[in-house]
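Below you will find the structure I want to go over with you.
Computed from a prediction, not measured in an experiment: that's the story for all the values here. Lettering follows sequence order; numbering is per chain, from 1.
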Amino acid sequence: MPELPEVETTCRGIAPHVSGQRIERVILRDTRLRWPVSPEVAGLAGTRIAGVSRRAKYLLMALGHGKLEQGNLIWHLGMSGSMRVAPTGSPAASHEHVEFELSNDQSLKFRDPRRFGALLYCDGDPLQHRLLQPLGPEPLADEFNADYLYRRCRGRSAAIKTFIMNSHIVVGVGNIYASEALYLAGIRPTRAAGRISKARIARLVEAIRATLTAAIAQGGTTLQDFTQVDGKPGYFRQALQVYANKGDCQACGTAIRHLVQGQRSSYYCPACQI
DNA sequence: CCGGACGCCTGTCGGC
DNA sequence: TGCCGACAGGCGTCCG
């Protein structure tokens, strides 16, 4: 599910409720996520959550404060994960595998029906964790620009859509926003990454930025599972131009086409995207 | 190194 | 109505 905008929405949503709070009790209902929940998590009662941040599609929680560094939590929402904050003692929903009861009488609840998500404890710098270390630049950072992407595209025969979904190239661009950004940039998802002009790569960089920024402003996209921290859906779905669109292109009226690339659905306008 | 496929899970939806 | 296959926002791992 969650691509960068959904993780960013989650990060912003939970931060005011969890930052600075102490974890009073940890409830682990099911530790069988993509990897087993780190055993350290069970012993976190009494630890303070110093802050929340995001890197790629990972949500990071710094534990302890000041000189009392107590490690970090690395969360991933997988395909169907979401978080919410609700009063401690309120009933658990189905698939709410992890719950932290906090010192403000609120609980952070992690729900993940498909269990592709993750909750890992990390002793040192989470950015050096083996899952985070090899990641490419953030799409909204200055390092992600036309010079960078054009250079990385040199000699690559992979389709541009799978290429921009490769987290070693740029992080946070998932299946929905890859299709949307390519539509906005006028580039066919099947085009070889190395066969796109610098000017069009520059357009793609701006399209990725614009798409993600607009989606964040709408609280992300809800297809099925994703909810914001207050339980509301993300509202970017109505802004989608091609993804899951069985109708016609808004710009030219041509029927939107569907194809499968790398076992993932792609959507594009055969007239607007060359 | 690169590109492509697989598998991890549960839920939902369309077709017969 | 019921069953069955296809498909769903990710991504590490393996294979050629």
Euclidean distance, atom CG of residue L131(A) to atom C1' of dC11(C) [Å, nearest integer]: 10 Å
Stacking of F116(A) on dC8(B) base (centres under 5.5 Å, planes under 30°): yes
Nearest-Å distance for atom pair CD/C1', residues Q261(A) and dA5(B): 15 Å
Touch class at under 4.0 angstrom, heavy-atom based, for R130(A) against every strand present: sugar-phosphate
Q228(A) and T9(A): side chain donor to acceptor below 3.5 Å: no
Check ion pair K57(A)-E6(A) (N to O, under 4.0 angstrom): no
Check: dA8(C) base within 3.5 Å donor-acceptor of R264(A) side chain: no
d(CG, N175(A); P, dC11(C)) in whole Å: 11 Å
Interatomic distance where CZ belongs to R114(A) and P belongs to dG7(B) [whole Å]: 15 Å
Nearest-Å distance once atom P is located in both dC9(B) and dC3(C): 24 Å
Nucleotide nearest A158(A) when distance is taken to its side chain, options dG10(C), dG4(B), dC9(B): dG4(B)
Polar side chain donor-acceptor pair, Q21(A) to S103(A), under 3.5 angstrom: yes
Side chain R111(A), main chain S94(A), donor-acceptor under 3.5 Å: yes
Which nucleotide in dC11(C), dC9(B), dG12(C) has an atom nearest any side-chain atom of K57(A): dC11(C)
Closest to side chain of S265(A), choosing from dC11(C), dT13(C), dA8(C): dA8(C)
First encountered from the 5' end of DNA chain C, between G262(A) and H258(A): H258(A)
Distance in angstrom units between Q263(A) CD and dG4(B) P, rounded: 10 Å
Short side-chain donor-acceptor distance under 3.5 Å, R152(A) and Y148(A): yes
H168(A) side chain near dC2(B) phosphate (N/O to OP1/OP2, under 4.0 Å): no
Flag for S266(A)-H258(A): side-chain donor and acceptor within less than 3.5 Å: no
Side-chain N or O of S157(A) closer than 4.0 Å to phosphate OP1/OP2 of dG3(B): yes
Polar side-chain contact R115(A)-dC9(B) base: donor and acceptor under 3.5 Å: no
Spacing of D112(A) atom CG relative to dG10(C) atom P, expressed in whole Å: 13 Å
Interatomic distance where CD belongs to Q224(A) and C1' belongs to dT10(B) [whole Å]: 11 Å
Nucleotide dC1(B), atom P - distance to CD1 of I169(A) in whole Å: 13 Å
side-chain N/O H76(A) vs dC11(C) OP1/OP2, d < 4.0 Å: yes
Given dG3(B), dC11(C), dC9(B), the nucleotide with the shortest approach to the side chain of R156(A): dG3(B)
dC9(B): pairing nucleotide in any strand, Watson-Crick or G-U under 3.5 angstrom: none
Touch class at under 4.0 angstrom, heavy-atom based, for Y58(A) against every strand present: sugar-phosphate
